[in-house]
Amino acid sequence: MRVIMLSPPGAGKGTQCRRLTEATSVAHISSGDLLRAEIARGSAIGRTAAAYTERGDLVPDDVLFDILVPVVLDADRATGGYLLDGFPRTMAQALRAAEIGLRHRIGSDAVVYLTAPEPVLVRRLLARAEREGRADDTPEVIRHRIAVFETQTRPLVDYYRGRGLLLEVDADRPEDDVAAELRSRLPMEA
Ligand code: AMP
């Protein structure tokens, strides 16, 4: 199973990816987690990325592809697929990802688009801030990240719909209901 999770911040893509990974053992790859790991290590990539993630802006593509592509290729070999959480986020990233997918014969089977109204997204992210204390879960940065989704990521919805890959799922429901719908609509074999 090769799936892209395309959703605004707070829609639950991390949570649903974790559940799908448990159900299928396909690797869950979060671009945000990879960047946060680099930042925590204090690597050169991490220092560059931190300036962007703190503001809620997207990190430059070259930085992202350098760390992400090898991880995806390895994970696909090891687990027979991937669940991409938070990538791609721009048309440029989507087109470059499609090219890599073709070259390595690991193109995506489906793109899940989790939807929820903006006040719900903000409420969930503020609740996560209390639990996890993520540096970019402040009210101001949350608003900016949602705006970045609207301007830079939303065009991907039509792009993937046009390619016949989009699977739109209402995420303004209990986590278990969303998980059950995903299990019934995705090709669950690894
Ligand atoms: P996330 O954990 O998916 O909410 O991502 C946290 C932050 O990491 C984002 O606000 C961006 O600064 C950065 N990031 C994650 N994925 C990407 C991506 N595909 N392109 C650029 N920046 C990204």
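Start at 1 with the first residue, then count along the sequence. Just follow the structure's listing: the first ligand is 1, and inside any ligand the first atom is 1. Every value quoted in this text rests on a predicted model; they were computed, and no experiment measured them. Every heavy atom of this structure was used, including side-chain atoms; hydrogens, water molecules and symmetry mates were not.
Under 3.5 Å, the side chains of Tyr160 and Ser108 contain no donor-acceptor pair of N or O atoms. In this structure, a donor-acceptor pair under 3.5 Å is present between the side chains of His144 and Asp57.
A cation-pi contact links Arg96 to Phe65, judged by a cut-off of 6.0 Å to the six-membered ring centre and 45° from its axis.
Looking at heavy atoms from C-beta onward, Ser25 lies out of side-chain contact with Thr79 at the 4.5 angstrom threshold. Put simply, the side chain of Leu95 reaches to within 4.5 Å of the side chain of Tyr159, judged on heavy atoms.
Residue Ser30 has no N or O atom closer than 3.5 Å to an N or O atom of ligand 1. Looking at ligand 1, you'll find an N or O of Arg134 within less than 3.5 Å of one of its N or O atoms. For Pro88, no nitrogen or oxygen atom sits less than 3.5 Å from a nitrogen or oxygen atom of ligand 1, counting backbone and side chain alike.
Remark: among candidates Gln152, Arg145, Arg89, the nearest residue to atom 3 (O) of ligand 1 is Arg89, based on non-hydrogen atoms. Of the listed options Val148, Leu34, Val59, Val59 places a heavy atom closest to atom 21 (C) of ligand 1.
By the criterion of a heavy-atom distance under 4.0 Å, both the backbone and the side chain of Thr53 are placed next to ligand 1.
Closest to atom 16 (N) of ligand 1 among all protein heavy atoms lies Ser31 OG, 2.7 Å.
Salt bridge absent: Arg2 and Asp109 never bring a charged side-chain N and a carboxylate O closer than 4.0 Å.
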